[in-house]
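The analysis underlying the following values was restricted to heavy atoms, covering all of them including side chains, and did not include hydrogens, waters or symmetry mates. Keep in mind it's a predicted model, so treat the numbers as computed, not measured. One-based numbering, in listed order, for ligands and for the atoms of each.
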Amino acid sequence: MQILVYNTPQEWATAAAEQVQGVLSSKPRPVLMLPTGSTPIALYAELVRRYQAGELSMAHALSFNLDEYVGLSIDDDQSYHYFMRHHLFDHVDIRPENTHLPDPTLPPDEACRAYNALYDQYGPADIALLGLGHNGHIGFNEPGTPFTNRTAVIPLSASTLEANGRLFGDRTDMPTSALSVGPSMILESRRVLMLVKGQDKASILKTILTHPVTEDIPGTVLQRHPDLVVIADTAAASLL
Ligand code: F6R
């Protein structure tokens, strides 16, 4: 495991972008697993900046997102389809047909089967980028999710509904379940990059790296990955 700690938001974003660029430049057909949420926004902005400066291309890359809400249209501004277009896909040269997210317009079980079939065809990911939930979730694998899961329908926990509900104008509009790539698919990735920022993540970051591995704290499973890289800011790393 490597733990890399940065003082400023720009140093943090540069370090994360370097990791992605390293994979993009080392493979003819790199496969990226991508998160949404507030944490990766600065990384995506740095990737867009590099593309616009002619320093980076994603034309040969494939992406698989970690998750999507059940029941939102892909044009809903709270959907992860929308998020990815808004923050990354519309501003770089990745081909739209090479970007994949679980399909919230299919019946959920069918969406999981379809996503697993696609991933089996193109995966595993060369690099899986993850954010970290306050309850230790990775992707939307909430506490108690079996580590053996592949893509599955996950009921969202009270803590996630609370954390993400603020983004929905009316909290009752927030879906109560999500489609998420399972821990087994994350673990298969060649490298895992844990992106973490802020004092509010310090305690859970320490927990997932030091607590005995348990499905009650999904992020602890990352201790089993042979190539885990943590990119943290000083606040998130303050308890390590
Ligand atoms: C989202 C995802 C989630 C988030 C986590 C942290 O695709 O996989 O696990 O990474 O909820 O969210 P932020 O970054 O908003 O704190």
Q | Modelled atom types, side-chain donor and acceptor of Thr172 and Asp170, under 3.5 Å | A | yes
Q: Go through Met84 and Thr99 one step at a time and tell me if the side-chain contact (heavy atoms from CB on, under 4.5 Å) criterion holds.
A: CA-CA 9 Å; Met84 291 307 298; Thr99 65; over 6 Å; no
Q.
Using only atom types and a distance under 3.5 Å, with no angle test, would you say the side chain of Gln199 pairs donor to acceptor with the backbone of Ser238?
A. no
Q) Is there a donor-acceptor pair under 3.5 Å between the side chain of Gln223 and the backbone N or O of His211? A)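 Here the side-chain-to-backbone pair exists.
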Q: Would you give the length of the straight line joining atom CG of Leu132 to atom CD1 of Ile208, rounded to the nearest 0.5 angstrom?
A: 4.5 Å
Hey, what polar pairs (N/O, under 3.5 Å) does ligand 1 make with protein?
| residue | atom | partner | partner atom | Å |
| --- | --- | --- | --- | --- |
| ligand 1 | 7 (O) | Thr36 | N | 2.9 |
| ligand 1 | 7 (O) | Thr36 | OG1 | 2.8 |
| ligand 1 | 7 (O) | Asp67 | OD1 | 2.6 |
| ligand 1 | 7 (O) | Asp67 | OD2 | 3.3 |
| ligand 1 | 8 (O) | Asp67 | OD2 | 2.9 |
| ligand 1 | 9 (O) | His137 | NE2 | 3.4 |
| ligand 1 | 9 (O) | Gly139 | N | 3.4 |
| ligand 1 | 9 (O) | Gly139 | O | 2.7 |
| ligand 1 | 11 (O) | His137 | NE2 | 2.6 |
| ligand 1 | 14 (O) | Ser38 | N | 3.3 |
| ligand 1 | 14 (O) | Thr39 | N | 2.9 |
| ligand 1 | 14 (O) | Thr39 | OG1 | 2.5 |
| ligand 1 | 15 (O) | Ser38 | N | 2.8 |
| ligand 1 | 15 (O) | Ser38 | OG | 2.9 |
| ligand 1 | 16 (O) | Lys201 | NZ | 2.7 |

Q. side-chain contact (heavy atoms from CB on, under 4.5 Å) between Trp12 and Thr39: does it pass, once the steps are laid out?
A. CA-CA 11 Å; Trp12 181 97; Thr39 308; 3.9 Å; yes
